[in-house]
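Please read the structure below before turning to the comments.
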2 protein chains.
Amino acid sequence: MQEQEYEQIFSRFLAKKGLRLTLPRKQILDAVFSLHSHFDAEQLFDVLRIRNAEVSLATVYRTLPLLLESGLIQHSMRQESRDVYEHIFGHPRHLHWICRQCGSVSETSLDDIMPYLERSAREQHFELEDFSLNLMGLCWRCKNENRNQ
Amino acid sequence: MQEQEYEQIFSRFLAKKGLRLTLPRKQILDAVFSLHSHFDAEQLFDVLRIRNAEVSLATVYRTLPLLLESGLIQHSMRQESRDVYEHIFGHPRHLHWICRQCGSVSETSLDDIMPYLERSAREQHFELEDFSLNLMGLCWRCKNENRNQ
DNA sequence: GAATAAATGAGATTCATTCTCAACAAGGAC
DNA sequence: GTCCTTGTTGAGAATGAATCTCATTTATTC
């Protein structure tokens, strides 16, 4: 399965930094990849408890930056004053359309604008590592709802 | 001067909501437009004190959402766990290139990708109100510095 | 099997932001 | 004018996500 792959990636990443893939880290990693949508630290912590993994919230918070740096997850947005992440292993990067009314998040491809961003980065000699492209407004659902009131 | 213009805009916006352009709000508005770069709530508060405006931090925090909603400022990024804003009256919208090492922020035009975003919004019947397009990495300065070490 | 370095949980701490509340204005109705 | 409603403010308390501390445990090396 794919499981081995992300584990290998993380394990190698950690080794390169002189760190180890411990049980808590493995459990956090698995929890992250068991989710197929956005999550924040607290939600991830809940998933871990449901899976009977004895990992503290502190360790969750400590592991997130490592996962970010390894490239396995990305910081995808900030919602309700919480940092929201998603795993991006296998996924292509995408834009987020965030409804300010119902909070729903939908995604679209970045293909059309990626070449432009890359060219722009090259022109400035900027080394692009990460980015967040979030678009806020009203989804069609909420737009219609508001109209009918 | 331009001063009247943003004041009028804000005043009208407030009136539409049954609110008034009070002295503290006027002072905050002027402080915002006296700045020509990004700022957070605390920095804005400092500017107000320097200008001898007796405005509390609470009022600064209360006024920022109003300025946002009026379209006079935008939430441009989050840096060091603080929300960073900038006024956008007269300015065209832009992308932010944020260096993770030195914290510098540079801007480039959105012209090339805006049509795509608008088309994509139309296709989904999404009413676009606001967006943040932030690109993180290393600026050329820090990239060179790292190389020379 | 020391010695060194990394990891962890639990709880305390930080700090940006929001909330509460009492006091104060402004404007309309009469 | 006076009453009444509604908006506004400052000061400080409260919130809560994220980080830090520290004592303890675990792994690795020599």
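Naming: A, B, ... by sequence-line order, numbering from 1 per chain. Just so we're clear, the structure is a prediction, and the values are computed from it rather than from any experiment.
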**Q.** Qualifying salt bridge (charged side-chain N to carboxylate O under 4.0 Å, His left out) pairs, either residue in residues 62-75 of chain A, two or more places apart
**A.** K17(A)-E69(A)
Q) Among the nucleotides dT17(C), dG9(C), dA7(C), which one has an atom lying closest to any side-chain atom of T59(A)? A) dG9(C)
Q. Could you give the CD-to-P distance, from E80(A) to dT15(D), as a whole number of Å?
A. 18 Å
Do any side-chain atoms of residues 31-41 of chain B form donor-acceptor pairs under 3.5 angstrom with protein atoms, and if so which ones, sequence neighbours left out?
unit_1	atom_1	unit_2	atom_2	d
S34(B)	OG	A31(B)	O	2.7
H38(B)	NE2	E86(B)	OE1	3.3
H38(B)	NE2	H96(B)	NE2	3.1
H38(B)	NE2	E107(B)	OE2	3.4
D40(B)	OD1	E42(B)	N	3.1
D40(B)	OD1	Q43(B)	N	2.9
D40(B)	OD2	R82(B)	NH1	3.1

Q. To the nearest angstrom, how far is D83(B) atom CG from dC15(C) atom C1'?
A. 13 Å
Q.
Quick check: closest heavy atoms across F131(A) and R93(A), and the distance to 0.1 Å?
A. CZ-CD, 3.3 Å
Q.
Under 4.5 Å side-chain heavy-atom separation, chaining through any Ile, Leu, Val, Met, Phe, Trp or Tyr, what else clusters with V84(A)? Say none if it is isolated.
A. M77(A), I98(A), V105(A), M136(A)
Q: Look at all strands and tell whether L19(A) reaches a base, only sugar-phosphate, or nothing, counting heavy atoms closer than 4.0 Å.
A: sugar-phosphate
Q. Should we say atom CD of E54(B) is surrounded by more than 12 heavy atoms from elsewhere, each under 6.0 Å from it?
A. no
(Q) So that I can tick it off, tell me whether R51(B) and D30(B) are bridged by a salt bridge, with the cut-off set at under 4.0 angstrom between side-chain N and carboxylate O. (A) no
Q: Round to the nearest Å and state the distance from F10(B) atom CZ to dT8(D) atom P.
A: 10 Å
(Q) Give the residues of residues 45-55 of chain A touching DNA chain C, defined as any heavy atom closer than 4.0 Å, sorted by residue number. (A) E54(A), V55(A)
Q. Between dT9(D) and T22(B), is there an OP1 or OP2 to side-chain N/O distance shorter than 4.0 Å?
A. yes
Q: With sequence neighbours left out, write down each residue that passes side chain to side chain contact (heavy atoms under 4.5 Å, CB included) with Q101(A), or none if nothing qualifies.
A: C99(A), L138(A), C142(A), E145(A), N146(A)
Q. When you check the phosphate oxygens OP1 and OP2 of dT18(C), does a side-chain N or O of Y61(B) lie under 4.0 Å from one of them?
A. no
Q. Taking only residues two or more places apart in sequence, or in another chain, which ones meet Q124(B) in a side chain to side chain contact (heavy atoms under 4.5 Å, CB included)?
A. W97(A), S106(A), T108(A), S120(B), F126(B)
Q.
Taking side-chain hydrogen bond (donor to acceptor under 3.5 Å, both in side chains) as the definition, give me every residue that meets it alongside R78(B), ordered by chain and number, with sequence neighbours left out.
A. D83(B)
Show each protein N/O and nucleotides 21-30 of chain D N/O combination with a separation under 3.5 Å, one pair to a line.
unit_1	atom_1	unit_2	atom_2	d
dT21(D)	O4	R62(A)	NH1	3.4

Q) What are the residues of residues 72-79 of chain B, sorted by number, that bring a heavy atom to within less than 4.0 Å of DNA chain D? A) none
Q | Between dT15(D) (P) and E42(A) (CD): distance, integer Å | A | 16 Å
Q. In whole angstrom, what separates D40(B)'s CG from dC15(C)'s P?
A. 14 Å
Q: Sequence neighbours left out, what passes side chain to side chain contact (heavy atoms under 4.5 Å, CB included) with A53(A)? Give chain and number order.
A: Q27(A), L48(A), V55(A)
Q: Using side chain to side chain contact (heavy atoms under 4.5 Å, CB included) as the criterion, list what pairs up with S109(B), not counting sequence neighbours.
A: D111(B)
Q.
What is the distance, to the nearest angstrom, from the CD1 atom on I28(A) to the P atom on dA7(C)?
A. 12 Å
Q: List, by chain and number, the other hydrophobic cluster members for L23(B), where Ile, Leu, Val, Met, Phe, Trp and Tyr join if side-chain heavy atoms come within less than 4.5 Å, directly or indirectly.
A: none
(Q) Closest approach to the side chain of A41(A), judged atom by atom: which nucleotide of dT8(D), dA18(D), dT18(C) is it? (A) dA18(D)
Q) How many Å lie between CG on L21(B) and C1' on dA25(C), as a whole number? A) 15 Å
Q) To the nearest angstrom, how far is Q27(A) atom CD from dG9(C) atom C1'? A) 14 Å
